[in-house]
Amino acid sequence: MKQPVHFRDLGHMAYKDAWDYQERLLQQNLEIKSVVHRSSEPIDAATLPTQHYLLFVEHPPVYTLGKSGKMENVLIGEEERSERGIEFYQTNRGGDITFHGPDQVVGYPILDLEKFYTDIGKYLRSLEDVIILTLAEYGITGGRSAGETGVWIDAQVKGRERKICAMGVRCSRWVTMHGFALNVNTDLSYFNHIIPCGIVNKKVTSIKEELGHEVPMEEVKERLKANFCKVFDTELVAG
């Protein structure tokens, strides 16, 4: 029987509001899992009634810096960010600096990995597989870049490497949060003011940039959902 994952499309939501929402869902799962630590009897964590979630959202323009990120990768000061209407947050996810904004699908899976596998590396590769499968449906060949997370195009061709999907996650007692940001019809000029993911001399791209035309956001979301279910062997349920 496939594990159910509660799907919620949050629409357009401020970054901090979505972050707080993720934290609430994560903490609910951690409270359930705390019975394992309080119990004097052996309890199989995989049998606990924790809930899986997959959240989709589009954020207003915002730069987010991961816990291992460096401020020098932010090339634009606070005053100019304010003038351009770009927010900034230091977060508790992995990774460095990235951009979230309109026409980008941001996916936040809140999964209890003890019901799948306890391997963060495998989890990240699985998220990358979701994106790679989705891009293939548009005739785009996505892949990986050695030692770097996310999904790339022409990663092995020096001078042509371009990142189409950034990733950064947090995991607490094997419950995940944060996730991926897939550039669909994204205004890529926002990336000019940062060193994306702290990686110099590599470009950023989008589905629109690769195809030469816009694609429907809802169509991309549906394909992401289907491929998520395929990769993680789950079924999405409403609510």
Side-chain angles (χ1 to χ4, degrees), residues 8-30 52-82 84-113 120-121 123-128 130-131 145 147-152 163-184 186-188 190-200 202 204 224:
R8 297 173 183 174
D9 190 331
L10 304 180
H12 292 76
M13 179 181 283
Y15 181 81
K16 186 61 166 60
D17 291 341
W19 185 5
D20 290 344
Y21 184 51
Q22 289 182 77
E23 285 281 4
R24 288 198 298 272
L25 297 178
L26 178 137
Q27 291 302 326
Q28 288 171 12
N29 277 334
L30 294 187
H52 306 302
Y53 300 91
L54 175 62
L55 312 177
F56 280 178
V57 65
E58 283 182 68
H59 293 306
V62 58
Y63 295 128
T64 69
L65 185 68
K67 58 188 179 183
S68 59
K70 299 177 180 178
M71 278 301 297
E72 53 260 41
N73 292 326
V74 185
L75 308 178
I76 182 173
E78 183 177 354
E79 184 175 344
E80 189 174 354
R81 289 198 304 266
S82 179
R84 293 175 179 269
I86 307 171
E87 292 191 298
F88 173 81
Y89 287 98
Q90 291 185 286
T91 76
N92 58 359
R93 62 163 172 79
D96 207 291
I97 187 74
T98 195
F99 168 76
H100 297 316
D103 295 314
Q104 179 190 69
V105 179
V106 179
Y108 294 134
I110 292 115
L111 305 181
D112 181 358
L113 291 185
I120 291 297
Y123 172 61
L124 285 168
R125 302 296 83 77
S126 294
L127 284 183
E128 290 166 354
V130 172
I131 306 302
S145 179
E148 298 166 337
T149 59
V151 177
W152 296 75
K163 194 170 195 176
I164 196 166
C165 182
M167 292 185 182
V169 302
R170 176 193 171 202
C171 188
S172 179
R173 292 188 193 172
W174 296 112
V175 179
T176 68
M177 64 177 289
H178 299 295
F180 65 84
L182 174 61
N183 297 327
V184 182
T186 318
D187 180 352
L188 300 179
Y190 284 101
F191 289 95
N192 295 336
H193 307 297
I194 60 174
I195 300 176
C197 304
I199 303 168
V200 297
K202 292 187 180 180
V204 175
L224 284 169

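The shown structure was predicted, so the numbers you read here are calculated from the model rather than taken from an experiment.
Here the CD1 atom belonging to Ile195 is positioned 13.0 Å from the OG1 atom belonging to Thr98, to the nearest 0.5 angstrom. Taken to the nearest 0.5 Å, the CG atom of Leu65 stands 14.0 Å off from the OH atom of Tyr89. To the nearest 0.5 Å, atom CE of residue Met71 and atom CD1 of residue Ile97 are 7.0 Å apart. With values rounded to the nearest 0.5 angstrom, Tyr108 atom OH is found 8.5 Å from Arg93 atom CZ. Here OG of Ser172 is found 7.0 Å from CD of Gln27. Values are rounded to the nearest 0.5 Å. Taking CD1 of Ile86 as the reference point, atom CD1 of Ile194 lies at 9.0 Å (rounded to 0.5 Å).
Summarising the local packing, CD of Glu72 is surrounded by more than 12 heavy atoms from other residues, nucleotides or ligands at distances under 6.0 Å.
Under a 3.5 Å cut-off, the side chain of Glu58 and the backbone N or O of Asp103 do form a donor-acceptor pair. Of the possible polar contacts, none joining the Arg84 side chain to the Pro61 backbone as a donor-acceptor pair under 3.5 Å is found. Thr186 contributes a side-chain N or O that, together with a main-chain N or O of Val184, makes up a donor-acceptor pair within less than 3.5 Å. Formation of a donor-acceptor pair under 3.5 Å by the Gln104 side chain with backbone atoms of Leu182 is not found in this model. Formation of a donor-acceptor pair under 3.5 Å by the Gln22 side chain with backbone atoms of His178 is found in this model.
Residues Asn29 and Asp112 bring no donor and acceptor atom of their side chains to less than 3.5 Å of each other.
For the pairing with Val175, the side chain to side chain contact (heavy atoms under 4.5 Å, CB included) check across Ile110, Leu113, Leu111 returns one residue only, Ile110.
Every residue two or more places apart in sequence or in another chain was checked for a side-chain hydrogen bond (donor to acceptor under 3.5 Å, both in side chains) with Tyr63, and none qualifies. Applying the side-chain hydrogen bond (donor to acceptor under 3.5 Å, both in side chains) rule to His193 yields no partners; only residues at least two apart in sequence or on another chain are considered.
Taking 4.5 Å as the limit, every side-chain heavy atom of Val204 sits out of range of all side-chain heavy atoms of Phe99. The closest side-chain heavy-atom distance from Cys171 to Tyr123 is not below 4.5 Å. Val74 places a side-chain heavy atom less than 4.5 Å from the side chain of Arg81. In this structure the side chain of Trp19 reaches within 4.5 angstrom of the side chain of Met177, judged on heavy atoms. Between Gln28 and Tyr53, the closest side-chain pair of non-hydrogen atoms falls below 4.5 Å. Arg8 places a side-chain heavy atom less than 4.5 Å from the side chain of Leu25.
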> Going through the checks in order, is the side-chain contact (heavy atoms from CB on, under 4.5 Å) test met by Leu55 and Val106?
Replying inline: CA-CA 8 Å; Leu55 312 177; Val106 179; over 6 Å; no
>> For a salt bridge (charged side-chain N to carboxylate O under 4.0 Å, His left out) check, start with the C-alpha distance between Lys16 and Asp20, then their side-chain angles and the critical distance, and finish with the verdict.
In response: CA-CA 6 Å; Lys16 186 61 166 60; Asp20 290 344; 2.8 Å; yes
>> If you apply the rule side-chain contact (heavy atoms from CB on, under 4.5 Å), what do you find for Tyr21 with Val57, and how did you get there?
In response: CA-CA 12 Å; Tyr21 184 51; Val57 65; over 6 Å; no
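In this structure, Lys67 and Asn92 approach most closely via the heavy-atom pair CD-O, 3.8 Å. Of all heavy-atom pairs spanning Asp96 and Gly69, the tightest one is OD2-CA, 3.3 Å. In plain terms, the two heavy atoms of Pro109 and Leu127 that are nearest each other are CG-CD2, 4.0 Å.
Below 30°, between 30° and 60°, or above 60°: for His100 and Tyr15 the angle between ring planes is below 30°, a parallel geometry.
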